[in-house]
Amino acid sequence: MSKKVYIVGGFDAEYARMFRNNGWEVTSNIEDCDLVQFTGGEDVSPELYYEARHPTTYSKVERDRHEMEVFKNAITLNKPM
């Protein structure tokens, strides 16, 4: 039985291929996974930690809020990240 990974943010075929090439199954259900993988990306939105945005900051607050919810859910479900 293969282990299952739930990939969060920035999903493209490269992440899935990397895991599949190493014996993992990619799942779209966090409850079924053995690991939650955050892919990273833009800067974390400064407003989420009460700071002003720098002119060169590039972030997506919607993505950050979504990933915060996934993080909290993974903690609740005791999923490794």
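One distance of note links CZ of R53 with OG of S59; it measures 3.5 Å at 0.5 Å rounding. In this structure, OG1 on T27 lies 15.0 Å from NZ on K3, to the nearest 0.5 angstrom.
In terms of heavy-atom proximity, D32 sits nearest to K4 at O-CD, 3.5 Å. Taking every heavy atom of both residues into account, Y6 and I30 meet most closely at CD1-N, 3.7 Å. Taking all atoms of both residues into account, the shortest heavy-atom contact from G41 to R63 is CA-NH1, 4.1 Å. Minimum heavy-atom separation, T39 to I7: CG2-CG2, 3.6 Å. Heavy-atom minimum distance, P46 versus A52: CB-O, 3.7 Å.
Under the side chain to side chain contact (heavy atoms under 4.5 Å, CB included) criterion, S2 pairs with E25, not counting sequence neighbours. A search for ring pair (Phe, Tyr, Trp, His ring centres under 6.0 Å) contacts involving F19 returns W24, not counting sequence neighbours.
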Which atom pairs, donor and acceptor, lie under 3.5 Å between side-chain atoms of residues 70-81 and protein residues at least two apart or in another chain?
from, atom 1, to, atom 2, distance (Å)
T76, OG1, K72, O, 3.0
K79, NZ, E31, O, 3.1
K79, NZ, C33, O, 2.7

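Following chains of ILVMFWY side-chain contacts shorter than 4.5 Å, one can reach M68 starting from V61, so the two form part of one hydrophobic cluster.
Side-chain contact annotation: S45 with R65, donor-acceptor N/O pair under 3.5 Å absent.
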